Amino acid sequence: MSNSPTQIQLIQPDDWHLHIRDGEVMKDVLADTARQFARAIIMPNLKPPVTTVDLAKAYQERIQANLNTLGITSFTPLMTLYLTDNTSADEVRKAKAAGIVGFKLYPAGATTNSDAGVSDLKHCYAALEAMQAVGMPLLVHGEVTHADIDIFDREAVFIDAVLEPLRKKFPELKIVFEHITTKQAAHYVRDAVTGGKNTIAATITPQHLLMNRNAIFAGGIRPHNYCLPVLKREEHRVALLEAATSGNSRFFLGTDSAPHAKGAKEAVCGCAGCYSAFNALGLYAEAFESVDKLDKLEGFASFFGPDFYSLPRNTKTITLVKQPQNIPAELPLGDATIVPLRAGETIAWSLV
Ligand code: NCD
Ligand code: ZN
């Protein structure tokens, strides 16, 4: 590949961390994702959360109904369950049999719709034991939630306080450290000793590759750049970009695209979440190109995710061209609108 290509062809990517919500708004966000990705891991933080196989099946049917309405036949949702203090080992085995791809750990109170999350991982030992036994991945929102820990330190503290003890207790459990935001997390995942087993990986969002925390305060408060875990200092962005573009198969694509209506973001207490689904691949291409590593995009976007989840790689290809795309100021979201990441600006790469 030349140093500055104007076109790149990739095996079609998947999104290994996505929020599509429910009801009226789902259709609008699904269409954006399905334009680019063949599959996506669907986060279970609905209200109420998707805690059982039966609830996940019902959610999957609602997703399928929307795909049918949209005439989309090329997209597969991968379903997850929301881990709670009460998740049983039986539910884990039932989930495995039903094709659920992971359980999501939200520490209680960590982020949007996490009130039903885990209060203490000790309550989950039976479920975690079963997950380890059947090869069910644990998807982790890696932040401690104590009010006395500075919000910018919550992920780094989580590594020592929760993740490392968890990996010691369940050494064969497959863990995805989701949407990592710090140098500490990138290095922890890179350096983790797994005895050659595929037991740890991390997803990285486009916003954490492209922006640092200044973007939340550029000339005034910028609610659309606020997500959780929150953007960090530049040194962390640089470490994440290095990890993503390193060719290390422990790091792969997960947008964490998390739609909230404009009014819920531009509010006295605005919701956390960036909507990147509109042209997520263009954003990733821009990030990889910034360090002249476009040749590493395909592994990150299309190979390492399915390999970790023991799913087949996609076979179709897509093409990205270096052709500026204007990102609209707003997009429809049910009865409301949503402000996408980089609204009103241009992104250098577009999907053909
Ligand atoms: C997500 C959401 O809105 O559901 N928000 C976010 O800022 N990322 C939840 C999450 O993944 O933390
Ligand atoms: Zn998320």
Side-chain angles (χ1 to χ4, degrees), residues 14-23 25-26 28-30 32-33 37 40-51 59 77-83 101-118 137-145 151-152 154-155 158 162 176-182 185 201-211 213 215-216 222-232 240 252-267 269-277 280 283 305 333-334 336 338-341:
D14 306 298
D15 185 349
W16 300 94
H17 181 125
L18 177 69
H19 302 267
I20 56 168
R21 315 301 188 203
D22 208 348
V25 305
M26 191 208 291
D28 296 324
V29 296
L30 253 185
D32 283 342
T33 290
F37 299 100
I41 286 196
I42 308 298
M43 286 295 130
N45 62 330
L46 303 182
K47 262 183 178 163
V50 182
T51 51
Y59 187 25
L78 303 171
M79 307 307 292
T80 56
L81 295 190
Y82 187 113
L83 186 71
V101 300
F103 276 70
K104 180 68 194 256
L105 163 62
Y106 288 106
T111 186
T112 308
N113 298 346
S114 63
D115 301 348
V118 170
L138 179 70
L139 283 45
V140 173
H141 183 110
E143 289 191 288
V144 294
T145 55
I151 187 167
F152 293 101
R154 286 180 185 176
E155 183 175 282
F158 180 89
V162 183
V176 186
F177 197 167
E178 304 267 82
H179 43 51
I180 58 169
T181 63
T182 56
T203 56
I204 310 182
T205 77
Q207 66 266 27
H208 292 100
L209 293 176
L210 289 166
M211 297 190 287
R213 66 190 193 179
I216 310 169
R222 303 282 181 167
H224 301 289
N225 291 340
Y226 169 60
C227 67
L228 287 171
V230 71
L231 296 171
K232 305 295 194 298
L240 296 168
F252 50 82
L253 186 157
T255 63
D256 192 22
S257 180
H260 293 278
K262 183 179 177 189
K265 296 280 296 173
E266 299 175 6
C269 185
C271 294
C274 294
Y275 187 64
S276 61
L283 293 165
L333 185 77
I338 187 166
V339 178
L341 204 62

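When a ligand or atom number is given, it counts from 1 through the structure's own listing order. Quick caveat: nothing in here was measured; it's all calculated off a predicted structure. One is the number of the first residue; the rest follow in order along the sequence.
Distances below 4.0 Å separate heavy atoms of Cys227 from the following atoms of ligand 1: 7 (O). Of all atoms in ligand 1, numbered sequentially from 1 with element shown, those under 4.0 Å from a heavy atom of Ala258 are 1 (C), 2 (C), 3 (O), 5 (N). Near Gly273, the atoms of ligand 1 lying under 4.0 angstrom from a non-hydrogen atom of the residue are 5 (N), 6 (C), 7 (O). Close approach of ligand 1 to His141 is summarised as follows: ligand atoms under 4.0 Å from at least one heavy atom of the residue are 12 (O). The ligand atoms of ligand 1 that sit less than 4.0 angstrom from a heavy atom of Thr111 are 5 (N), 9 (C), 10 (C), 12 (O).
Between the Thr80 side chain and the Ile42 main chain, a donor and an acceptor come within less than 3.5 Å of each other. When atom types are taken as modelled, the side chain of Thr203 and the backbone of Gly254 share no donor-acceptor pair closer than 3.5 angstrom. One N or O on the side chain of Asn113 and one on the backbone of Asn45 form a donor-acceptor pair closer than 3.5 Å. In this structure a side-chain-to-backbone donor-acceptor pair under 3.5 Å is missing from Lys265 to Ile338.
No hydrogens or angles considered: a donor-acceptor pair under 3.5 Å links the side chains of Thr181 and Lys232.
Residue Asn45 touches ligand 1 through its side chain alone, judged by heavy-atom distances below 4.0 Å. Contacts of His260 with ligand 1, taken as heavy-atom pairs under 4.0 Å, involve the side chain alone. Counting heavy atoms under 4.0 Å from ligand 1, residue Arg21 touches it through the side chain alone.
Rounding to the nearest 0.5 angstrom, the gap separating the CG atom in Leu240 from the CD atom in Gln207 is 11.0 Å. Interatomic distance, SG of Cys227 versus NE2 of His260, reported as 10.0 Å (0.5 Å rounding). Atom CG of Asp15 and atom CZ of Phe252 lie 11.0 Å apart (nearest 0.5 Å).
At a cut-off of 2.8 Å, His17 coordinates the Zn ion (ligand 2) through an N, O or S atom. For residue His141, no N/O/S atom approaches the Zn ion (ligand 2) to within less than 2.8 Å.
Summarising the contacts of atom 11 (O) of ligand 1 with Gln207, His19, Met43, the nearest heavy atom is found in His19.
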Q: Report the C-alpha distance between Thr205 and Ser276 in whole Å, list the side-chain angles of each, state the deciding distance to 0.1 Å, and finish with yes or no for side-chain contact (heavy atoms from CB on, under 4.5 Å).
A: CA-CA 9 Å; Thr205 77; Ser276 61; over 6 Å; no
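For ligand 1, none of its N or O atoms has an N or O atom of Tyr106 under 3.5 Å away.
Put simply, part of His17 is less than 4.0 Å from ligand 1, judged by heavy atoms. At least one heavy atom of His179 sits closer than 4.0 Å to an atom of ligand 1.
In this structure, atom 7 (O) of ligand 1 lies nearest to the protein heavy atom Leu228 N, 2.8 Å. Among protein heavy atoms, the minimum distance from atom 5 (N) of ligand 1 is reached at Ala272 O, 3.1 Å. For atom 8 (N) of ligand 1, the nearest non-hydrogen atom of the protein is Asp256 OD2, 2.7 Å.
Relative ring orientation between His141 and His179 is described as perpendicular, the plane-to-plane angle rising above 60° on a 0-90° scale split at 30° and 60°. Between Tyr82 and Tyr106, the ring planes are tilted. Angles from 30° to 60° get that label.
Asp256 contributes OD1 as its N, O or S atom closest to the Zn ion (ligand 2).
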